[in-house]
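Since the structure is predicted, the reported quantities are computational estimates derived from the model, not experimental observations.
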Amino acid sequence: MHAKGGRVYLIGAGPGDPELLTLKAVRALAAADVVLIDDLVDRAVLLHAPRARVVPVGKRGGCKSTPQHFIEKLMLRLARRGSVVARVKGGDPYVFGRGGEERLALEAAGIECIVVPGITSGIGVPASLGIPVTHRDVARGVTFVTAHARDGGSPDWAALARTGTTLVIYMGMQRIDEITAALSRAGMAATPAAVIERGTTLHERAATGTVATIAAQAATAGLGSPALIVIGDVVALATQARSALTLRRAAALN
């Protein structure tokens with residue numbers, strides 16, 4: 001049984017550009033009484049929620065964050081009062097967004113939960129730089145992995161290197177030296193690599209190189225979080241897109 005009148009939308013807002021919001025997300029925001037919004041979501045999406053009360057519930061790697069248990073309790077309390085709640089996250093709520101945890105908590109409490117998928121950063125951000133994460137000539141698949149685990153451990157980088165897939169690494173900037181050193185030891189030192197900061201937005205910046213050089217290149221360029229690390233032969237396809245990206249950003253800022 002669901003709480004009378006109350007429900008929660010878990011909305012993926014996409015990788016950064018507010019125009020990448022889905023039509024379903026727009027309709028859900030229009031119906032919302034309260035919006036719980038993450039730090040990395042462009043506030044322009046709130047134009048679609050004109051009658052909602054907005055509550056920031058920030059979550060950013062390396063920064064002070066709103067505790068997850070507090071967010072879940074807040075959603076439950078609001079929905080039990082009969083409110084329509086829009087929980088808005090960057091990317092997709094089910095890709096490193098804790099959407100699965102939140103849905104389970106809501107369903108256990110009898111609260112209706114509607115998931116609205118979004119374009120995950122792992123696909124949208126590389127695409128903005130001209131990088132297809134799969135390509136039938138050079139990449140048979142893609143692996144999404146986070147460098148930030150709850151237990152503080154690290155992925156098995158050698159095993160990931162053996163997959164032969166494009167590696168898209170979320171939340172990896174604080175460990176980029178460790179990551180690239182491990183992948184270099186696994187035979188990927190010459191593999192093309194990119195770091196893309198604030199992808200799909202007007203503030204997007206990027207560096208491309210190889211696994212052996214990308215950490216130093218990103219540091220020289222002053223790149224930091226939020227950023228994705230993309231590793232694989234598909235990164236070489238970004239070169240011809242860089243000039244078009246520069247022109248597009250310049251036109252938008254003028």
Side-chain angles (χ1 to χ4, degrees), residues 1-125 144 146 148-150 168 170-171 198-201 225-226 228:
M1 180 179 293
H2 296 310
K4 185 176 180 180
R7 62 186 183 278
V8 175
Y9 290 96
L10 298 181
I11 299 173
D17 182 350
E19 292 189 350
L20 294 176
L21 203 65
T22 67
L23 292 175
K24 187 169 185 177
V26 168
R27 288 195 294 271
L29 285 166
D33 300 307
V34 184
V35 174
L36 307 182
I37 189 167
D38 274 355
D39 275 354
L40 295 180
V41 177
D42 192 306
R43 270 21 185 195
V45 305
L46 296 174
L47 294 173
H48 303 294
R51 66 183 189 85
R53 177 165 64 94
V54 178
V55 181
V57 286
K59 281 196 174 295
R60 296 186 62 173
C63 301
K64 186 176 181 179
S65 298
T66 306
Q68 183 64 24
H69 67 86
F70 174 85
I71 296 172
E72 292 175 8
K73 287 181 178 179
L74 180 58
M75 286 192 295
L76 291 173
R77 185 165 71 247
L78 291 167
R80 283 170 174 155
R81 292 176 180 172
S83 295
V84 175
V85 181
R87 170 76 171 103
V88 186
K89 305 166 176 285
D92 180 90
Y94 275 4
V95 181
F96 305 125
R98 303 188 183 181
E101 299 171 34
E102 293 175 0
R103 180 182 63 81
L104 291 173
L106 292 163
E107 291 185 350
I111 303 297
E112 182 181 8
C113 177
I114 303 163
V115 178
V116 181
I119 300 172
T120 182
S121 298
I123 294 172
V125 167
F144 299 129
T146 176
H148 181 73
R150 173 179 282 185
V168 179
Y170 292 65
M171 295 172 277
R198 299 186 182 277
T200 77
T201 75
S225 299
L228 281 183

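- Pro117 and Pro93 get closest at one heavy-atom pair: CA-CD, 4.3 Å.
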So Val35 and Val55, side-chain contact (heavy atoms from CB on, under 4.5 Å) or not? Walk me through it.
CA-CA 6 Å; Val35 174; Val55 181; over 6 Å; no
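- When every heavy atom of Cys113 is checked against every heavy atom of Leu106, the shortest pair comes out as SG-CD1, 3.8 Å.
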May I have the step-by-step check of side-chain contact (heavy atoms from CB on, under 4.5 Å) for Leu36 and Leu74, ending in yes or no?
CA-CA 9 Å; Leu36 307 182; Leu74 180 58; 3.8 Å; yes
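- Side-chain N or O atoms of Asp38 include none that pairs as donor or acceptor with a backbone N or O of Leu40 at under 3.5 Å.
- With sequence neighbours left out, Tyr170 forms a ring pair (Phe, Tyr, Trp, His ring centres under 6.0 Å) with Phe96.
- Counting all heavy atoms, side chain and backbone alike, Ala32 lies closest to Ala52 at O-CB, 3.5 Å.
- We find the NZ-CD1 distance between Lys89 and Ile37 to be 12.0 Å, quoted to the nearest 0.5 Å.
- Put simply, CD on Glu101 and NE2 on His69 are 12.5 Å apart, with the number rounded to the nearest 0.5 Å.
- The two residues Asp92 and Gly118 come nearest to each other via the heavy atoms OD1-N, 3.0 Å.
- The structure places CZ of Arg53 at 6.0 Å from CG of Leu78, a figure rounded to the nearest 0.5 Å.
- Minimum heavy-atom separation, Arg43 to Pro56: NH2-CB, 4.0 Å.
- Between Glu102 and Arg98, none of the side-chain N atoms (NZ, or NE/NH1/NH2) sits under 4.0 Å from a carboxylate O, so this pair counts as no salt bridge.
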Take Ile123 and Phe144 through the test side-chain contact (heavy atoms from CB on, under 4.5 Å) and record every step on the way to the result.
CA-CA 10 Å; Ile123 294 172; Phe144 299 129; 3.8 Å; yes
Could you give the side-chain donor-acceptor pairs of residues 9-31 under 3.5 Å, partners two or more places apart or in another chain?
unit_1: Tyr9; atom_1: OH; unit_2: Arg7; atom_2: NE; d: 3.2
unit_1: Asp17; atom_1: OD1; unit_2: Glu19; atom_2: N; d: 2.9
unit_1: Thr22; atom_1: OG1; unit_2: Ala25; atom_2: N; d: 3.1

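- Remark: Arg51 pairs with Asp33 by the side-chain hydrogen bond (donor to acceptor under 3.5 Å, both in side chains) rule, at least two apart or across chains.
- Arg103 contributes atom CZ, which lies 14.5 Å from atom CD1 of Ile111 (distance to the nearest 0.5 angstrom).
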